[in-house]
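Any value given below was found using the heavy atoms of this structure, including those in side chains, with hydrogens, waters and symmetry copies removed. For ligands, and for the atoms within them, numbers begin at 1 and follow the listed sequence.
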Amino acid sequence: GGSAFTDFFGKNGFALLMLLPMLLIAWHILRGASRFAIGGPTKLLDTTAAKYRFSDVAGQDEAKDQMTEIVDFLRDPETFTRLGAKAPKGALMVGPPGVGKTLLARAVAGETHSRFIAVSGADFRQTFMGLGANKVRNMFKLARKNAPCLIFIDEIETLARKRSGSPGSGINSEEEATLNALLVEMDGFVGNKGVVVLAATNRPDLIDSAVLRPGRFDRRINLEIPDLTGRIGILKVHARNKGLADNVDLEIVARRTTGMSGADLENLLNEAAIRATKRAAPAITMDDIDGAYFDVLLGRVRNGAILADDDRRAIAVHEAGHAIAAATVEGAKRPQKATIVPRGRRLRVVLSAPKEDRK
Ligand code: ADP
């Protein structure tokens with residue numbers, strides 16, 4: 001016979017070979033869970049928040065005001081609760097994308113020198129039973145260890161969907177277990193532990209009412225698309241680190257950008273800076289911002305669209321007519337800019353300041 005080794009291998013080699021893929025799969029699952037657990041939960045801590053302040057958030061004064069209590073608590077949990085004041089546990093930030101929900105949460109953490117954990121509701125979506133709930137528990141454990149700590153959960157509606165309702169639209173048992181874990185954790189932290197959860201959503205109507213009960217996300221903080229003053233403030237914030245030419249008037253830019261979110265405005269100035277850089281200019285001019293604006297709003301210039309001269313003339317006269325009418329007729333929207341340069345799918349446009357912002 002052969003050596004002990006070959007004997008062993010001959011008998012068990014096949015079984016061992018079969019075991020290998022199973023081990024690999026198990027390892028994979030564990031690793032999947034370990035972004036939160038074994039592999040190093042500290043990865044969840046977001047250290048970039050420390051540099052943010054309220055002054056970085058423009059045009060959301062009411063929302064900032066509503067954070068006062070949470071800020072006071074995080075600054076000094078002991079003092080806050082010493083005389084029996086109830087510690088705030090969570091607030092729901094409601095607003096469309098790009099208005100500064102994440103930014104405001106970071107600023108609260110920065111202002112209060114709290115640790116910051118940022119996750120998305122979708123991070124807790126798990127195929128395997130119990131892992132989502134486990135992630136929730138691990139996250140809270142990490143937060144308590146690092147108190148004062150602010151947990152930010154983006155898109156909370158994906159984690160906390162309404163439980164009852166029509167069949168099919170309801171959540172499955174795995175999601176329910178995850179949501180329950182969140183509620184248990186929030187109910188669990190008592191007194192002055194120094195952990196606050198801010199959740200963000202654009203769809204508060206989808207959220208299970210149990211989540212909004214007292215002691216959970218019981219405060220609602222609304223963030224809106226900025227108005228004119230807000231836009232001026234936001235543009236100023238993002239112009240701080242940019243070289244603007246003297247001819248740039250941010251109020252004019254703000255007037256033309258009704259409906260844009262903070263993220264849109266940041267993007268606008270960024271695109272303008274790229275344009276200025278491309279032409280090796282010493283500073284960003286109003287033309288750069290105009291160009292960026294049209295790129296962002298209407299799509300890039302289409303050089304391929306060539307029109308006959310008489311067509312171009314007809315279109316120019318037509319658009320000029322719109323502009324003059326808008327400028328002179330009482331009560332009409334004030335025209336901001338007319339163009340017949342083909343962009344995206346449009347050939348021409350007259351842009352007007354909508355009513356809301358007219359002076
Ligand atoms: P949300 O979480 O509401 O989707 P974010 O906070 O992620 O929006 O915003 C994205 C970026 O847009 C921010 O990092 C910031 O640069 C800019 N921004 C959004 N809102 C504001 C604001 N109110 N003031 C200044 N910058 C803003």
Side-chain angles (χ1 to χ4, degrees), residues 44 46-68 70-71 90-112 114 116-123 150-160 196-207 217 219-242 244 248 250-251 253-274 284 289 292-293 296-297 356-357:
L44 274 181
D46 177 343
T47 47
T48 57
K51 64 175 202 281
Y52 287 92
R53 292 293 178 273
F54 275 152
S55 57
D56 296 312
V57 191
Q60 299 290 3
D61 295 341
E62 210 171 308
K64 282 193 229 175
D65 266 3
Q66 287 177 289
M67 290 289 179
T68 311
I70 290 173
V71 167
L92 185 68
M93 295 198 276
V94 178
V99 292
K101 299 183 292 296
T102 314
L103 179 68
L104 181 58
R106 285 212 167 96
V108 169
E111 287 277 346
T112 58
S114 302
F116 189 64
I117 292 176
V119 290
S120 168
D123 292 344
L150 186 70
I151 297 177
F152 175 72
I153 307 177
D154 204 2
E155 296 177 0
I156 183 81
E157 75 279 359
T158 59
L159 168 64
V196 174
V197 191
L198 288 178
T201 186
N202 191 22
R203 295 295 308 273
D205 52 307
L206 295 182
I207 292 175
F217 299 99
R219 291 141 225 259
R220 183 170 165 153
I221 299 176
N222 290 312
L223 285 88
E224 314 280 350
I225 289 286
D227 60 7
L228 178 62
T229 322
R231 291 196 300 279
I232 295 175
I234 292 169
L235 287 166
K236 280 186 179 154
V237 164
H238 292 284
R240 283 193 304 215
N241 59 354
K242 296 197 173 60
L244 295 185
V248 173
L250 290 180
E251 189 179 326
V253 179
R255 278 187 187 288
R256 283 187 197 157
T257 45
T258 311
M260 281 197 182
S261 69
D264 294 334
L265 293 168
E266 182 192 16
N267 184 31
L268 175 72
L269 286 187
N270 217 27
E271 290 286 324
I274 291 170
I284 303 165
I289 298 178
Y293 173 69
V296 168
L297 201 71
E356 175 237 322
D357 284 341

Would you say [X] touches ligand 1, if touching means a heavy atom closer than 4.0 Å?
X      : answer
Asp56  : yes
Arg106 : no
Gly59  : no
Gly98  : yes

**OP:** Record the part of Glu266 in heavy-atom contact with ligand 1 below 4.0 Å; permitted values are side chain, backbone, both and neither.
**Re:** side chain

Original post:
For ligand 1, is any non-hydrogen atom under 4.0 Å from Ile234's backbone (N, CA, C, O), its side chain (CB onward), both, or neither?
Top reply: side chain

**OP:** Just need the protein heavy atom nearest to atom 18 (N) of ligand 1, so name the residue and atom and give the distance.
**Re:** Gly262 C, 3.7 Å

Subject >> Top protein contact for atom 26 (N) of ligand 1, by heavy-atom distance >> reply: His238 NE2, 2.8 Å

Please report whether ligand 1 has a polar contact with [X], defined as an N or O pair separated by less than 3.5 Å (distance criterion only).
X      : value
Leu103 : yes
Thr102 : yes
Val99  : yes
Asp154 : no

Original post:
So do Arg106 and Asp46 actually touch side chain to side chain, heavy atoms under 4.5 Å?
Top reply: yes

**OP:** Ignoring hydrogens, just give me the one of Ala118, Ala105, Ala263 whose non-hydrogen atom is nearest atom 10 (C) of ligand 1.
**Re:** Ala263

Subject >> Selected option - heavy-atom contact closest to atom 22 (C) of ligand 1, from Gly230, Gly100, Ala58, Ser261 >> reply: Ala58

Original post:
Where do Ser261 and Asp264 land on the side chain to side chain donor-acceptor pair (under 3.5 Å) test, with the steps shown first?
Top reply: CA-CA 5 Å; Ser261 69; Asp264 294 334; 3.2 Å; yes

Original post:
Taking everything shown except Lys236 itself, do over 12 heavy atoms lie less than 6.0 Å from its NZ?
Top reply: no

